[in-house]
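Since the structure comes first, as structure tokens, the remarks are kept for the end.
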Amino acid sequence: MADPSDLLIDRTLVLLRHAKAVPPETMPDLERPLSDRGRADAAAAGRYLVAQGIEADLVLCSPSKRTRETWKYVAEAGVTATDVWYDKRVYNADSDELLDVIHEAPAEARTVIMVGHGPGIPWLADELALDGTSPERVELSQKYPTTGLAVLHLTCRWADLSANEADLVSFVVPRG
């Protein structure tokens, strides 16, 4: 019998940049919470994911306060997750470091949501999405603001994911 992790299975990767945080002047960067607008936008991101029928097998989240709060408001809007990993490697990581974290996702996970920071999340979305000229693809490569989220479809194993391996399903910037 074939190992299920070897099968080409449809997988979904959501790359979510954290919602708007308070300015950094008054506290350490890791401790910055979401602003009022950020909380509303994170909830809007959650409502969008629910409307798309996206439920996570795994959430890979930076341990910063603003990313943890972003996930909290997304989840409160109705997005479910089987497991959530708060991984310090996601904090201020570049695209290669983020990809290393995704490579460790369990083979049986069908949907993974990564909640992280710019510029790593935008860089990774741009790197993974197959070259294309759709308006969403062009927008993703030009501007990926807070609460920007890319939904990517792939058929390779998480451990094998590399550049130009995913189809961009959607790129949106939900606002509350």
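Note that the structure is predicted; figures quoted are calculated from it, not measured.
Residues R66 and P33 approach most closely at CB-C, 4.5 Å, considering heavy atoms. For Y91 against P63, the heavy-atom pair with the smallest separation is CB-CD, 4.2 Å. The heavy-atom pair separating D96 from E127 by the smallest distance is OD1-OE2, 4.2 Å. Shortest non-hydrogen contact noted between T67 and S62 is OG1-O, 2.7 Å. In terms of heavy atoms, P106 sits closest to L58 at CD-CD2, 3.7 Å. Contact between L15 and Y144 at its shortest, heavy atoms only, is O-OH, 2.6 Å.
Rounding to the nearest 0.5 Å gives a distance of 11.0 Å between CD of E104 and CG of L99. Remark: R68 CZ to Y73 OH distance equals 14.0 Å, nearest 0.5 Å. Interatomic distance, SG of C61 versus NZ of K72, reported as 13.0 Å (0.5 Å rounding). In this structure, CG in L154 is found 7.5 Å from CG in L152, a value given to the nearest 0.5 Å.
A donor-acceptor pair under 3.5 Å is formed between the side chain of E97 and the backbone N or O of D94. Checking side-chain atoms of W158 against main-chain N and O of R110 turns up no donor-acceptor pair under 3.5 Å. Looking only at distances, no side-chain donor or acceptor of R47 sits under 3.5 Å from a matching main-chain atom of G78. No donor-acceptor pair under 3.5 Å is formed between the side chain of S35 and the backbone N or O of V22. Proximity of a side-chain donor or acceptor of R11 to a complementary backbone N or O of C156 within less than 3.5 Å is detected.
Under the salt bridge (charged side-chain N to carboxylate O under 4.0 Å, His left out) criterion, R32 pairs with D29, not counting sequence neighbours. Not a single side chain to side chain donor-acceptor pair (under 3.5 Å) links E139 to another residue, sequence neighbours left out. By the salt bridge (charged side-chain N to carboxylate O under 4.0 Å, His left out) test, D83 is found to be paired with no residue, residues two or more places apart in sequence or in another chain being considered. The salt bridge (charged side-chain N to carboxylate O under 4.0 Å, His left out) test applied to D87 returns R89, not counting sequence neighbours.
Between T12 and V112, the closest side-chain pair of non-hydrogen atoms is not below 4.5 Å. Looking at R17 and T147, their side chains never come closer than 4.5 Å, going by heavy atoms from C-beta outward. Residues N164 and L128 form no side-chain contact, since every pair of their non-hydrogen atoms from C-beta on lies 4.5 Å or further apart. Under the 4.5 Å side-chain criterion, counting only non-hydrogen atoms from C-beta, E55 is not in contact with T111. Looking at L168 and L140, their side chains come closer than 4.5 Å, going by heavy atoms from C-beta outward. Within the 4.5 Å cutoff, side-chain heavy atoms of H18 are placed close to those of T146. Side-chain contact between S170 and E136: present, with at least one pair of heavy atoms (C-beta onward) separated by less than 4.5 Å.
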Steps toward side chain to side chain contact (heavy atoms under 4.5 Å, CB included) verdict (M114, L98): CA-CA 9 Å; M114 179 174 269; L98 294 174; 3.7 Å; yes
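I113 forms part of a hydrophobic cluster together with V14, L16, Y48, L49, V50, I54, V59, W71, V74, V79, V84, Y86, V115, L149, V151, V169, V172, judged by ILVMFWY side-chain heavy-atom separations under 4.5 Å.
Taken together through direct or relayed side-chain contacts under 4.5 Å among Ile, Leu, Val, Met, Phe, Trp and Tyr, W85 and I121 form part of one hydrophobic cluster. No path of Ile, Leu, Val, Met, Phe, Trp and Tyr side chains, each step under 4.5 Å between heavy atoms, connects I102 with I9, placing them in separate hydrophobic clusters.
Residue pairs meeting the salt bridge (Lys or Arg N to Asp or Glu O under 4.0 Å) criterion with at least one member in residues 158-176, sequence neighbours excluded, are D41-R175, R157-D160.
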